[in-house]
Amino acid sequence: MKLPVSTHDLADRIFRSHRYFWIKLVRAAITSFLILVLSFFMIHSSGNPAQIFLGGEATPEMVAAFNVRWGLDRPLQIQFLSYLQQVAKGDLGNSLLRGEPVIDIFFTHLPATLSLMIPCALISITLGIALGFVAAMKKQTTIDHLMMIGSTIGYSLPNFFFGVLLIFIFSIVLGWLPSSGNETLAHYIMPVLTIVTADIAIFTRFSRSSFIDVYEHPYINNFKALGVSERRILLQEALPNASIALLSISGFYVGSLISGAIVTETIFSWPGIGSLLVSSMKARDFPLVQGLTLILGFSIVGVNLLVDILHGIIDPRIRKGGK
Amino acid sequence: MRMKRRYPVSFAASVVLLLLFVLLALVPPPHDPNAQNLQKRFVPPSFMEGGESAYLLGTDYLGRDVASRIMRGMSISFFIALVGTVIGAIVGITLGYLGARYKGIVDEIILMGIDIQASLPFMLLAIAFLSMFDQSFWVIVILLGFAGWEKYARLTRALTLSAYQDGYCVAIQSLGGRPKRVFFRHILPNISSALIVNMTLNFPGTMIAESSLSFLGLGIQPPLISLGRLLGEGRVYLLTSWWITVFPGVVIFLSTLAMSIIGDRVRDYLGVRS
């Protein structure tokens with residue numbers, strides 16, 4: 001990575017002046033490649049897919065036909081190359097159980113997941129930042145302590161237990177809310193509540209410490225001394241600074257949303273990607289598991305890259321600091 | 001000092017509760033946790049109408065004692081979370097140290113590994129991993145260990161790099177201290193408080209991760225019992241026999257909560273910034 005300083009080669013200068021972006025790009029490319037390799041081996045190391053899928057009673061002829069059908073009789077590196085070719089064409093193979101293309105199954109399940117995740121993300125971020133701001137302003141008071149205890153509880157409450165508890169209380173004991181499916185608005189209440197409880201706790205904690213950091217800077221005191229209104233300090237100084245810190249966890253947050261979707265959708269029989277992933281895993285439908293892992297993995301890499309680039313553009317300290 | 005009075009009661013309560021749980025996990029359960037008794041299915045907890053004094057927390061759909069299953073589940077879940085945390089710490093501290101010591105390309109590779117690990121959600125990795133290997137006990141323990149290594153690596157790397165600039169490190173190095181000795185005898189004890197805090201704060205997360213997997217039926221497999229699995233299995237009977245599900249859930253929640261409160265307190269006590 002260390003290039004001679006004396007070279008005035010154009011490529012060198014482009015690399016050095018954009019070092020941060022290049023590093024992020026290379027990391028994204030390597031991560032994508034690792035995800036490809038991982039997903040490729042998912043089918044191959046899970047024992048013999050033919051045996052698993054056809055069951056113990058399959059004759060050797062049936063197994064051989066299956067292997068030819070799915071190209072499993074060829075050398076591994078050839079299989080990997082043809083897998084890469086297929087992926088590049090957007091062909092993720094067919095589900096073993098449903099027979100349909102994985103990519104089609106993904107897109108039929110995507111709207112349900114997005115319609116759950118987008119409101120959850122919006123609620124968690126806005127409420128989390130607002131609560132974090134209040135806690136930071138009331139630092140070391142009873143309100144702050146209560147909020148921090150609340151956030152510890154929210155963070156420690158596993159979403160699968162909370163979801164089941166909500167079903168028990170609101171569907172079984174009280175009979176107010178439906179416990180599975182996504183047909184009406186009432187179906188959204190419990191899944192959203194399950195996801196946002198933990199996420200609000202995380203955002204509250206994080207934004208509290210970001211706000212405290214910002215407000216500890218002397219320049220904020222300087223503004224106060226100059227008579228700038230609290231509101232203006234918040235909107236023009238504190239919020240932009242704190243949001244840079246928040247931006248750095250948004251990549252992580254997308255990942256945690258996906259983990260949350262996997263658990264929460266399963267609890268509430270929500271017909272989205274998360275419950276699909278769990279059910280196809282249990283049914284040993286490996287092409288589907290493989291395809292979904294690949295798409296989700298790539299989406300996460302994409303979001304992270306986007307966040308890193310944004311981060312670098314907004315905050316020169318990061319861009320120039322190198323790491 | 002300023003943090004002294006945070007969680008005054010809750011900290012003591014957490015310690016007592018956790019000690020009680022550990023004790024319950026260690027003593028042999030009153031009944032064989034896997035012994036079925038089909039004549040005693042769905043017996044309610046002893047404090048409820050129709051309950052029997054032999055089954056404090058009732059029985060499940062195969063007539064197994066819920067309390068005994070929770071006790072066995074606690075010992076397995078705590079053990080996995082503990083070993084998983086330790087594996088994560090060892091791998092992370094080693095890699096963080098290597099990155100800080102060798103810098104250059106080694107450091108770049110380790111940083112990249114940290115980035116990659118941090119960006120991929122645990123659940124997705126776990127599903128990919130578990131579809132490749134059997135869902136056996138040690139596979140899950142190792143999986144959980146790897147889920148957390150990146151935080152220790154990041155922490156160790158940053159703290160070691162800054163320790164190298166400190167007077168004591170420069171002094172030992174100029175006295176001829178070998179890098180390994182400098183790290184293990186001098187730097188590690190100095191940065192251990194931050195690492196201990198990270199371990200206590202990581203423990204509940206590891207426990208929740210294992211429980212979630214087992215809840216989905218992808219983690220610990222029978223005849224082994226995990227708290228998450230108890231919850232996942234009992235969920236079907238929520239309508240008639242809530243105790244099969246709710247008690248294991250309460251135990252998971254109280255354990256993670258107690259551990260988080262203790263972790264926060266330890267952090268404040270040791271003066272480590274989160």
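Just so we're on the same page: letters track the sequence lines, and every chain starts at 1. Note that the structure is a prediction, hence the values are computed from the model and not measured.
Only the side chain of A/V289 has a heavy atom closer than 4.5 Å to any heavy atom of chain B. Using a 4.5 Å cut-off between heavy atoms, A/I35 touches chain B through its side chain atoms alone. Only the side chain of B/L218 comes within contact range of chain A, with at least one heavy atom under 4.5 Å from a heavy atom of that chain.
To the nearest 0.5 Å, the span separating CG on B/L238 from CD1 on A/I167 amounts to 7.0 Å. Between atom CZ of residue B/F215 and atom OG1 of residue A/T266 there is a gap of 7.5 Å, rounded to the nearest 0.5 Å. Taking CD1 from B/I116 and CZ from A/F33, the interatomic distance works out to 11.5 Å, rounded to the nearest 0.5 Å. Interatomic distance, CE of A/M281 versus CG of B/L216, reported as 10.0 Å (0.5 Å rounding).
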Would you tabulate the side-chain donor-acceptor contacts of residues 241-259 of chain B under 3.5 Å, counting partners in other chains and residues two or more places apart, or write 'none'?
| from | atom 1 | to | atom 2 | distance (Å) |
| --- | --- | --- | --- | --- |
| B/W243 | NE1 | B/V43 | O | 3.3 |
| B/W243 | NE1 | B/T59 | O | 3.0 |
| B/T245 | OG1 | B/G234 | O | 3.0 |
| B/T245 | OG1 | B/R235 | N | 3.3 |
| B/S255 | OG | B/V251 | O | 2.5 |
| B/T256 | OG1 | A/S156 | O | 2.9 |
| B/T256 | OG1 | B/I252 | O | 3.0 |
| B/T256 | OG1 | B/F253 | O | 2.9 |

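Among all heavy-atom pairs drawn from B/P121 and A/G255, the shortest one is CB-O, 3.2 Å. Residues B/M112 and A/I30 approach most closely at SD-CD1, 3.3 Å, considering heavy atoms. Of all heavy-atom pairs between A/F160 and B/I208, the closest is CE2-O, 4.1 Å. Of all heavy-atom pairs spanning A/I262 and B/M123, the tightest one is CD1-CB, 3.7 Å.
The environment of A/F252 atom CZ is sparse: at most 12 non-hydrogen atoms of other residues, nucleotides or ligands sit within 6.0 angstrom. More than 12 heavy atoms of other residues, nucleotides or ligands sit less than 6.0 Å from atom CZ of A/F206.
The most heavy-atom pairs under 4.5 Å with chain A, out of B/S211, B/G228, B/G232, come from B/S211.
Residues of residues 291-303 of chain A that come within less than 4.5 angstrom of chain B, heavy atom to heavy atom, are A/T293, A/L296, A/G297, A/I300 in numerical order.
Using a 4.5 Å heavy-atom threshold, the side chains of B/L111 and A/I23 count as separate.
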